[in-house]
Amino acid sequence: MHQIKLLRFPISYFLFSIFLLFSFNASANFDFNANCVKAYQNIFELKLNAARQLIAAEKRARPNNSIVPFLENYVDYYYLLTTESKSEFERLEANKDDRLDQISDDDKNSPYCLYAQAQINLQWALIRGRYGSYFTAAREINKANSLLQENTKKFPGFHLNSMGLGLINAVMGAMPDGFLKSSLSTFGLKGNLQNGLNMLDKLAENLPKSTYEPFYEEVVFNYAYVLSDVAHSSAAYAKTMKYTARIADSSLLKCYVQAYVCSRNGHTDEAISILANKPSGAAYQAFPYLDYLMGIAKLNKLDMSAGASFERYLQTNKGVNYIKDSYLHLGWIALLKGDENGYSAMMAKAKANGYNFHERDKQALNEANSPVPNKDLLKARLLFDGGYSSKGLDILADSKADDFTSSKDKTEYYYRLGRLNDALGKDDLALMSYQNAITIGKSLKYYFAAKSAVQMGRIFEAKKNVQKAKSSFNLAIAMKGHEQENSIENEAKQGLRRVGG
């Protein structure tokens, strides 16, 4: 097995070179040669400086090779993903039009001409959406979609078209109501989540057996994101670990994808192990988010050393996201240690620092403005997020609703009880708790009641009780004026589509 890993990239380069020479009669001006493939592989290991050097050498040797601006955009994209710097985004964005001009003026008989333009538009749209520039992002997504559709007609055998189309279909098909969705609808652009998932799954399954194998890492990166964050699929963990297994362990991007999906899907110990053993050194792009992710994972098992990870993230991060959320978590650590003054100080920092672009930061601000959380409910919440549902139930074992004075805490108690029993397959107990959460909390601003209705819908869906599933999903949609309204309503609408509602 080890020997195969060592041989994989040279074989890939050879196969890919043969493919480019004979499959499409590609112009020399779209020359994805061995040097470019090596640069591309370095990008996907997050060895961005090595990739920059290879691209610069290619540019000197073959200044008219339009794969060069294509790869330069990849470097910028992953640099911006890892730094999350808005000022760097504004600086680098100026490169976009020049790159598109060079590529669009090149050989129209190459499948890379339209494909590269589409990818560049899509990459800038995905970054732009992080900073709330939704209308421009919508225009770029629409442009990318049109280019990929046209390329599919011109080159039906060019399988890479499915990567961008799969991503666009999935994201559009599951997008919650809001400015980005309404902007995209002005272009008449609609998606289908299942179609997008099917496209990406087919690519992930078949690319290793084809001459497109060097693009495998990128497909898996996109597919893992869609499974975990867009589709909220129960298969996200299993499929991500399956498809990333054949990627080299020297890839920092592999470490990120695996740790992120493990953390999001209740495999906390595995996430911590992956992050603790991540590849490191001067060759790799700095990636402060991995410290934030380690903090989340450790706190989800009530490991108070998580504080050091959040502090390190705040010290090294130059971006705009997860700042409020980091202060929120540091406040929770202080609270769980019995330091209420420390908690108050961190809530003040959560309110005063950072931005509101990311959903986690929006929610952190909501929580910083809310009453001090009950410690047992907080512990149960964290343990559930970490996948430690039995331990979470143990925390609440001696509690009952009457122990909590506020309607918020009573609602949250039933919601947490519901989620923990749900995760352990105790459907009847979960349904009873969810119903209690709805009864008490349906008119409150907190998300517990609406999310309980969605979870009830999922249980009934799994039991093939279509009528009760529809009723529960519709109940979630009917609740208004609460936290996370758009995302919860979107989950309910996806549920209705699945059960034919």
How would you list all residue pairs meeting side chain to side chain donor-acceptor pair (under 3.5 Å) that involve residues 141-155, not counting sequence neighbours? Asn151-Asn161
Within the 6.0 Å centroid threshold, strictly below: Phe221 and Tyr78: yes
Would you say Leu200 and Tyr225 make side-chain contact, with heavy atoms under 4.5 Å? no
Within a strict 4.5 Å, meaning less than it, do heavy atoms of the Arg498 and Arg458 side chains meet? yes
So, for Lys108 and Cys113, which heavy atoms are closest and what is the spacing to 0.1 Å? CD-SG, 4.0 Å
Can you check whether Gln194's main-chain N or O pairs, donor with acceptor, with Asn198's side chain at less than 3.5 Å? yes
Listed partners of Ala469 passing side-chain contact (heavy atoms from CB on, under 4.5 Å), at least two apart: Phe460, Glu461, Phe473, Val499
Hey, can you tell me if Phe89 and Tyr131 have their rings parallel, tilted or perpendicular (30° and 60° cut-offs)? tilted
Would you indicate whether the side-chain heavy atoms of Ser326 and Asn317 approach each other to under 4.5 Å? no
Leu160 and Tyr212: which non-hydrogen atoms are nearest, and at how many Å? CG-CD2, 3.7 Å
Measure the acute angle between the ring planes of Phe287 and Tyr256, then classify it against the limits of 30° and 60° as parallel, tilted or perpendicular. tilted
When you measure from the side chain of Ser228 to the backbone of Ala224, do you find a donor-acceptor pair of N or O atoms at a distance under 3.5 Å? no
Evaluate Glu45 against Ser250 for side chain to side chain donor-acceptor pair (under 3.5 Å), listing each step before the verdict. CA-CA 7 Å; Glu45 293 204 349; Ser250 55; 2.9 Å; yes
Lys318 with Glu88: basic N within carboxylate O range, under 4.0 Å: no
Side-chain contact test, heavy atoms from C-beta onward, threshold under 4.5 Å: evaluate it for Cys262 versus Met241 and give yes or no. yes
Can Asp98 and Gln102 be counted as having a side-chain donor-acceptor contact under 3.5 angstrom? no
Ionic contact status for Glu93 with Lys96, cut-off 4.0 Å: no
Under 3.5 Å: donor-acceptor pair, side chain of Ser251, backbone of Phe44: yes
Any luck finding a side-chain donor-acceptor pair between Tyr74 and Glu218 under 3.5 Å? yes
Listing request: all salt bridge (Lys or Arg N to Asp or Glu O under 4.0 Å) pairs with a residue in residues 229-241, at least two apart in sequence or in separate chains. Asp201-Lys239, Asp229-Arg264
Which residue pairs pass the side chain to side chain donor-acceptor pair (under 3.5 Å) test with at least one member in residues 283-294, sequence neighbours excluded? Thr82-Gln285, Asp291-Arg312, Tyr292-Asp325, Tyr292-Arg360
For the aromatic rings, using the six-membered ring if either is Trp, is the centroid distance between Phe32 and Phe215 under 6.0 Å? yes
Does the side chain to side chain donor-acceptor pair (under 3.5 Å) test come out yes or no for Gln117 and Asn121, once each step is laid out? CA-CA 6 Å; Gln117 293 176 66; Asn121 274 288; over 6 Å; no
Hey, is the main chain of Ile127 close enough, under 3.5 Å, to the side chain of Tyr77 for a donor-acceptor pair? no
Whether the side chain of Ser210 engages the backbone of Leu207 through a donor-acceptor N/O pair (distance < 3.5 Å, no angle test) should be reported. yes
Between Leu203 and Met199, is any pair of side-chain heavy atoms under 4.5 Å apart? no
Minimum heavy-atom separation for Pro208 to Ala204, with atom names? CD-O, 3.5 Å
First locate atom OG1 of Thr316, then atom CG of Leu290, and finally report the distance between them rounded to the nearest 0.5 Å. 10.0 Å
Donor on one side chain, acceptor on other, Gln258 and Thr244, under 3.5 Å: yes
Here the pair of heavy atoms bringing Gln494 nearest to Gly173 is NE2-O, 2.7 Å
Under the side-chain hydrogen bond (donor to acceptor under 3.5 Å, both in side chains) test, residues paired with Asn42 that sit two or more places apart: none
Heavy atoms of Ala170 and Leu193 approach each other most closely as O-CD1, 3.7 Å
What residue among Glu84, Lys86, His358, Glu359 forms side chain to side chain donor-acceptor pair (under 3.5 Å) with Asn321? Glu84
Separation between NE2 (His232) and OG (Ser487), nearest 0.5 Å, reads 7.5 Å
For Ala430 and Gly418, work out which heavy atoms get closest and say how close. CB-O, 3.5 Å
Worked verdict on Tyr327 versus Leu314 for side chain to side chain contact (heavy atoms under 4.5 Å, CB included): CA-CA 9 Å; Tyr327 283 120; Leu314 289 168; 3.7 Å; yes
State, without any angle test, whether Asn33 and Asp31 hold a side-chain donor-acceptor pair at a distance under 3.5 Å. yes
Under the salt bridge (Lys or Arg N to Asp or Glu O under 4.0 Å) rule, what pairs show up with a residue in residues 266-290, not counting sequence neighbours? Asp269-Lys301
Side chains of Asn95 and Glu72 only: does a donor on one sit below 3.5 Å from an acceptor on the other? no
Please confirm whether the backbone N or O of Leu383 pairs with a side-chain atom of Asn300, one donor and one acceptor, at under 3.5 Å? no
